[in-house]
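Worksheet: the structure to be examined is printed underneath.
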2 protein chains.
Amino acid sequence: MANNMKERIKDAAIDLFYKKGYFATSLNDVAQNIGIRKASIYHHYPSKEGLLLSILQTILVDLTTNLHDSIQGIEGIEGKMRAAVRSHILVSIDRQKEVLISDSELRGLSPENYETVVRIRDSYEREFQALIVDGMEAGVWAQGDFKVLSFAILNMCTSVAGWFKPAGRLSRVDIARVYEEFIIGGLKIGTCSTVDSV
Amino acid sequence: MANNMKERIKDAAIDLFYKKGYFATSLNDVAQNIGIRKASIYHHYPSKEGLLLSILQTILVDLTTNLHDSIQGIEGIEGKMRAAVRSHILVSIDRQKEVLISDSELRGLSPENYETVVRIRDSYEREFQALIVDGMEAGVWAQGDFKVLSFAILNMCTSVAGWFKPAGRLSRVDIARVYEEFIIGGLKIGTCSTVDSV
DNA sequence: GTCTATAATAAGATAGAC
DNA sequence: GTCTATCTTATTATAGAC
């Protein structure tokens, strides 16, 4: 647990927004969770929405940073895509609550704040789209609609945050491997076969 | 638009729960949308949650029915999986609002109602899981964790409801085809190659 | 079957004491 | 930096007239 109050408030909010949703959580819930009164929250954040905004910006920036670190220095499009998928899956597991919030609570934002957040998300998506387009041009992947494929891949990976349980059968790395193989296989199809079997 | 009031209330609720979310929507919003007072809603539904429950049950049952109709009479595991994916994608597009609600608003339910809804959803998921397991045993698909793969496939398809726009570039059938090829390719990987290219 | 009126409660946010 | 107290507004839900 963080030792400064601003972070403790944020951690409690992440926990509650994840469990109950943003609108179903009151600032009173958040305050009670850490033993303060709701009025004190306003010393650290301008509003409930400001608290949400801070959570969303942090996780989206961290996703982007982790992506860059992960594909840094890797040669080849397939290797880069494998690393990108692993990065997204592992962050979605390690930062499960924040990723789920980033996937479901954007409606809590005003138009201006929504714009700010979606800009970060879109630039993250474009990095995956570039890997798809480059791979198609290089003949690594089959042809297909790169935008639909990027939505399919990213939403599939993000949804891990909706079902992962720390005490489950599989390790985070096991899960990442299943997604990695499945996605690479899907991107390559057509380059290997269109045989009808069984 | 439905002509009886019970359905008109439901349609308005679907529209608002989709746009704003369940907790951010008040029964006053719903009532104003169809020109009645909020008290009148209680003549048709026992509570706000009862209205949500009705929406969720309808779409989950309809998804199941459409799946059965779609794979009915189709021979072969690959053909059945292709039909199942098409069914899920097309319903997620045609009933976009309800599918999005079914994917994001289960937290609005009491434990008992949550149980009721999740039972339907789980039995739907098990039908996809059976197609994955059967295909692995028959050698149509590569080996892999069938549960993780079922979550990956279903969540990827469901997420179409989050981004589809009726005025977009691609038709509903075009989109379904992209998903179908991608998913079949992912399930087959390992049966065709593990070559590292580029 | 829909209405007006209201009960009961809780929300986000602010003022000002300490 | 946190508190108590309060403002303002909105919510779900119900009672009872028409």
Side-chain angles (χ1 to χ4, degrees), chain A residues 1-57 101 104-114 116-117, chain B residues 1-56 101 104-114 117:
Chain A
M1 186 165 74
N3 53 4
N4 68 82
M5 188 53 76
K6 187 161 183 171
E7 283 302 309
R8 286 182 65 198
I9 292 167
K10 196 167 177 173
D11 286 349
I14 287 169
D15 193 56
L16 287 163
F17 293 173
Y18 168 72
K19 280 192 201 142
K20 305 174 42 168
Y22 172 72
F23 284 105
T25 301
S26 73
L27 291 181
N28 205 23
D29 292 336
V30 176
Q32 278 197 305
N33 238 259
I34 50 177
I36 60 170
R37 304 288 165 167
K38 64 177 172 176
S40 307
I41 293 175
Y42 289 89
H43 180 75
H44 302 279
Y45 294 94
S47 64
K48 188 185 179 189
E49 187 186 334
L51 181 49
L52 175 63
L53 177 63
S54 171
I55 292 168
L56 293 173
Q57 284 180 311
I101 294 166
S104 56
E105 300 294 3
L106 268 54
R107 282 182 299 205
L109 299 172
S110 67
E112 305 79 52
N113 287 335
Y114 182 84
T116 304
V117 166
Chain B
M1 188 167 74
N3 52 5
N4 67 83
M5 188 52 76
K6 187 162 185 172
E7 282 303 309
R8 286 182 65 197
I9 292 168
K10 195 168 179 173
D11 286 350
I14 288 169
D15 193 57
L16 287 163
F17 293 173
Y18 169 72
K19 280 190 201 145
K20 305 174 42 167
Y22 172 71
F23 284 105
T25 300
S26 73
L27 290 181
N28 205 23
D29 291 336
V30 176
Q32 277 198 306
N33 239 260
I34 49 177
I36 60 171
R37 303 288 165 166
K38 62 179 170 178
S40 306
I41 293 175
Y42 289 89
H43 180 75
H44 301 279
Y45 294 94
S47 64
K48 189 185 178 187
E49 187 187 333
L51 181 49
L52 175 63
L53 177 63
S54 170
I55 292 168
L56 292 172
I101 294 166
S104 56
E105 301 294 3
L106 266 56
R107 283 180 299 203
L109 298 172
S110 68
E112 304 80 50
N113 287 335
Y114 182 85
V117 165

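Atoms considered below: every heavy atom in the structure, side chains included; atoms not considered: hydrogens, waters and symmetry mates.
A:R37 meets the salt bridge (charged side-chain N to carboxylate O under 4.0 Å, His left out) test with no other residue; sequence neighbours excluded. Remark: A:K6 pairs with no residue by the salt bridge (charged side-chain N to carboxylate O under 4.0 Å, His left out) rule, at least two apart or across chains. Considering only residues two or more places apart in sequence or on other chains, B:S54 meets the side chain to side chain donor-acceptor pair (under 3.5 Å) condition with B:K10. Considering only residues two or more places apart in sequence or on other chains, A:Y42 meets the side-chain contact (heavy atoms from CB on, under 4.5 Å) condition with A:L27. With sequence neighbours left out, the salt bridge (charged side-chain N to carboxylate O under 4.0 Å, His left out) criterion links B:K38 to no other residue. Scored by the side chain to side chain donor-acceptor pair (under 3.5 Å) test, B:E7 finds no partners at all (sequence neighbours excluded).
In the 5' to 3' direction, nucleotides of DNA chain D lying under 4.0 Å from heavy atoms of chain A begin and end at D:dG1 to D:dT4.
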Look for any protein N or O under 3.5 Å of an N or O in nucleotides 10-14 of chain C and output each such pair with its distance, or none.
unit_1: C:dA11; atom_1: OP1; unit_2: A:S26; atom_2: OG; d: 3.3
unit_1: C:dG12; atom_1: OP1; unit_2: A:K48; atom_2: NZ; d: 3.0
unit_1: C:dG12; atom_1: OP2; unit_2: A:L27; atom_2: N; d: 3.0
unit_1: C:dG12; atom_1: N7; unit_2: A:K38; atom_2: NZ; d: 3.2
unit_1: C:dA13; atom_1: OP2; unit_2: A:Y42; atom_2: OH; d: 2.9
unit_1: C:dA13; atom_1: OP2; unit_2: A:K48; atom_2: N; d: 2.9
unit_1: C:dA13; atom_1: O5'; unit_2: A:Y42; atom_2: OH; d: 3.3

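Under the salt bridge (Lys or Arg N to Asp or Glu O under 4.0 Å) criterion, no residue pair touches residues 46-56 of chain B, with sequence neighbours excluded.
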